[in-house]
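Scroll down for the structure; my scribbles are underneath it.
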Amino acid sequence: MQDIIPGTEEQLNKEMTAGYIGFDPTSDSLHVGNLLPITLLMRLQQAGHKPYALVGGATGMIGDPSGKSQERNLLDIETINNNCEGIRKQLAKFLDFSSSAPNAAILVNNYDWFKNYSFLDFIREAGKHISINYMLAKDSVQKRLETGMSFTEFTYQLIQGYDFYYLYNHHNIKLQMGGADQWGNIVTGTELIRKKDGGEAFAMTCPLITKSDGSKFGKSESGNVWLDPEKTSPYQFYQFWLKLPDADAGKMALTFSFRQVAEIKALISEHETAPHLRKLQKVLAEELTVLVHSAEDLAFAQKASEILFGQATIEALRSLNERQLLEVMEGVPQVNGSKEALESGIDILTFLAESGVFASKGEARKMIQNGGLSINKEKVTLIDLCLIPAHLLSERYLLIQKGKSNYTLAIFE
């Protein structure tokens with residue numbers, strides 16, 4: 001926990017409380033960085049409280065300046081609506097929206113109450129209650145004073161504050177949660193509730209998740225790690241957690257795992273005694289892959305990992321369909337080959353040298369003689385091996401392995 005308004009814990013202990021978190025529709029998918037607010041809502045519901053997820057159809061048209069060094073490009077309404085729908089579908093995987101229980105989750109879109117709200121009405125009913133000095137004091141504004149901030153962005157905190165005021169009055173929502181960078185926007189809402197209605201509302205933020213080196217958490221070498229399997233495959237998602245540095249694994253386990261704290265701490269202690277086994281990363285990767293995707297996706301990710309980094313057989317490799325094979329091989333260097341040449345039969349040394357997998361036939365020959373070359377997970381023992389169409393995976397591919405984990409994917413056209 002980063003910041004909390006006094007009385008928040010007492011409110012949560014007193015009665016079932018409705019609380020919400022907002023999600024910015026800058027994309028049609030959420031990413032790993034959104035997992036923490038998602039788990040906050042999940043824990044709120046598990047504790048018997050009522051979670052609301054707000055999708056910012058209106059605020060998405062402006063762009064939250066919090067933590068940003070420059071203004072975002074404004075999205076059109078069609079893109080924002082498409083993004084909101086994508087986020088809605090994803091949130092339904094984590095929160096129980098269908099239950100008839102009093103604490104069933106509810107999804108709201110602030111465009112619904114802003115679309116017919118005139119500018120004049122807004123500045124009369126909301127703007128008059130929040131002073132310019134109050135708004136200027138916020139970190140999200142202060143950090144941009146030197147580089148500049150448009151009036152559009154400057155109004156963001158007031159609009160988000162009005163969201164809280166609206167939800168307080170129409171849904172009896174008394175709590176807003178979010179990341180630490182949202183504190184200024186959130187308390188603008190509690191101030192508006194206090195000044196307009198004399199009401200009391202609460203707020204709680206969590207620290208922004210960073211890696212041990214201080215950099216932003218949730219990115220891989222290829223960019224954001226998305227929750228949408230079409231943007232980041234379950235295998236890549238699994239590998240992201242599996243590759244967590246030891247310095248980050250314990251912190252991320254305590255942040256994201258739903259296991260009991262004592263169990264997590266025991267796993268951390270076990271990990272510290274034998275970090276090379278990466279047990280903590282494996283446990284976290286398994287739990288979160290099932291949470292975000294499915295048990296079936298986890299099984300595939302584990303099989304794919306075994307293919308690349310373990311002792312998987314050619315049968316396991318051939319069990320993958322073309323889509324799965326390409327998913328696993330994403331990022332693996334590729335070379336091209338000719339199906340016509342393959343149909344005539346091509347000796348392996350010629351192919352390896354001409355395709356560029358090896359610099360020369362001599363280098364390829366030496367690797368084979370030393371037992372360091374495999375084709376489709378089978379060790380090559382014959383220097384004069386002839387490659388034929390029957391060797392291909394999905395009738396197009398050949399997986400070449402040099403040493404333990406140096407792979408090249410040959411694609412035959």
Side-chain angles (χ1 to χ4, degrees), residues 2-3 5 20-27 33-34 37 54-77 79-81 83-84 87 108-169 173 175-197 199 201-208 216:
Q2 180 83 15
D3 296 296
I5 285 182
Y20 87 98
I21 293 177
F23 295 89
D24 199 357
T26 52
S27 171
N34 299 120
L54 181 147
V55 182
T59 39
M61 295 181 178
I62 297 171
D64 184 359
S66 302
K68 304 294 183 295
S69 59
Q70 59 186 11
E71 190 158 358
R72 294 178 179 176
N73 293 326
L74 300 183
L75 303 176
D76 60 74
I77 186 64
T79 300
I80 288 175
N81 286 341
N83 291 350
C84 287
I87 291 172
V108 292
N109 185 334
N110 60 10
Y111 185 72
D112 292 339
W113 54 86
F114 273 117
K115 61 184 176 183
N116 295 320
Y117 200 13
S118 76
F119 176 71
L120 289 177
D121 286 339
F122 179 71
I123 59 176
R124 279 175 59 87
E125 295 182 23
K128 65 178 289 187
H129 295 283
I130 303 296
S131 72
I132 292 293
N133 290 344
Y134 181 87
M135 296 176 72
L136 284 172
K138 295 294 186 288
D139 285 345
S140 59
V141 177
Q142 286 290 316
K143 291 176 181 178
R144 291 281 297 280
L145 288 180
E146 289 187 11
T147 57
M149 172 183 279
S150 70
F151 177 74
T152 300
E153 281 194 317
F154 182 62
T155 62
Y156 187 94
Q157 64 168 291
L158 188 57
I159 293 173
Q160 183 172 327
Y162 184 82
D163 282 340
F164 200 175
Y165 172 80
Y166 180 92
L167 293 170
Y168 175 87
N169 279 279
I173 293 179
L175 171 67
Q176 184 179 172
M177 301 181 292
D181 60 339
Q182 293 297 308
W183 181 253
N185 295 335
I186 293 173
V187 296
T188 297
T190 63
E191 185 74 357
L192 199 56
I193 290 167
R194 182 182 69 83
K195 287 191 171 182
K196 277 184 67 68
D197 286 1
F202 303 92
M204 180 173 68
T205 62
C206 56
L208 298 178
K216 188 175 181 180

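These figures come from a predicted structure and were not determined experimentally.
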Non-hydrogen atoms of [X] and [Y] that approach each other most closely:
X: Gly33; Y: Pro37; answer: O-CD, 3.9 Å
X: Ala180; Y: Gln2; answer: CB-CG, 3.7 Å
X: Tyr168; Y: Gly199; answer: OH-CA, 3.4 Å
X: Tyr111; Y: Gly57; answer: CB-C, 3.9 Å
X: Ala203; Y: Ile186; answer: CB-CG2, 3.3 Å
X: Ala201; Y: Phe164; answer: CB-CZ, 3.7 Å

Original post:
Is there a donor-acceptor pair under 3.5 Å between the side chain of Gln157 and the backbone N or O of Met135?
Top reply: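 Side chain of Gln157 to backbone of Met135: a pair is present.
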Original post:
Counting N and O atoms only, with roles assigned by atom type, does the side chain of Thr205 sit under 3.5 Å from a partner on the main chain of Asp3, one being a donor and the other an acceptor?
Top reply: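 Flag set: sc Thr205 to bb Asp3 pair under 3.5 Å.
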Show every donor-acceptor pair shorter than 3.5 Å between a side-chain atom in residues 119-133 and any protein atom, with sequence neighbours excluded, or say none if there are none.
| from | atom 1 | to | atom 2 | distance (Å) |
| --- | --- | --- | --- | --- |
| Asp121 | OD2 | Ser118 | OG | 3.0 |
| Glu125 | OE1 | Tyr117 | OH | 3.0 |
| Ser131 | OG | Tyr134 | N | 3.0 |

Original post:
Going by atom types only, do Gln182 and Gln160 share a side-chain donor-acceptor pair under 3.5 Å?
Top reply: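 Yes - a donor-acceptor pair under 3.5 Å links their side chains.
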Original post:
Strictly by modelled atom types, are Thr59 and Asn110 linked by a side-chain donor-acceptor pair under 3.5 Å?
Top reply: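 Indeed, the side chains of Thr59 and Asn110 share at least one donor-acceptor pair under 3.5 Å.
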Are [X] and [Y] close enough that some pair of their side-chain heavy atoms sits under 4.5 Å apart?
X: Thr188; Y: Lys138; result: yes
X: Trp183; Y: Ile5; result: yes
X: Asn185; Y: Tyr156; result: yes
X: Ile193; Y: Thr190; result: no

Original post:
How about Phe114 and Tyr166: are their ring centroids closer than 6.0 Å?
Top reply: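 No, the ring of Phe114 stays outside the 6.0 Å limit from the ring of Tyr166, centre to centre.
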Original post:
Do Tyr165 and Tyr162 make the cut of ring centroids closer than 6.0 angstrom?
Top reply: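 Yes, the ring of Tyr165 comes within the 6.0 Å limit of the ring of Tyr162, centre to centre.
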**OP:** Determine, stepwise, if the pair Val108 / Tyr20 fulfils side chain to side chain contact (heavy atoms under 4.5 Å, CB included).
**Re:** CA-CA 10 Å; Val108 292; Tyr20 87 98; over 6 Å; no
Nearest 0.5 Å, what's the [atom1]-[atom2] distance between [X] and [Y]?
X: Ser27; Y: Asn83; atom1: OG; atom2: CG; result: 5.5 Å
X: Asp24; Y: Cys84; atom1: CG; atom2: SG; result: 9.0 Å
X: Leu54; Y: Leu167; atom1: CG; atom2: CG; result: 6.0 Å

Subject >> Test salt bridge (Lys or Arg N to Asp or Glu O under 4.0 Å) applied to Lys195 - qualifying residues, sequence neighbours left out >> reply: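 If we apply the salt bridge (Lys or Arg N to Asp or Glu O under 4.0 Å) test to Lys195, skipping adjacent residues, the hits are Glu191.
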**OP:** Could you point out which residue of Leu75, Thr26, Val55 forms a side-chain contact (heavy atoms from CB on, under 4.5 Å) with Ile80?
**Re:**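 Testing each of Leu75, Thr26, Val55 against Ile80, the sole residue satisfying side-chain contact (heavy atoms from CB on, under 4.5 Å) is Leu75.
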Subject >> Partners meeting side-chain contact (heavy atoms from CB on, under 4.5 Å) with Cys206 (sequence neighbours left out) >> reply: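 Once residues adjacent in sequence are excluded, the partners of Cys206 under the side-chain contact (heavy atoms from CB on, under 4.5 Å) criterion are Leu36, Leu40.
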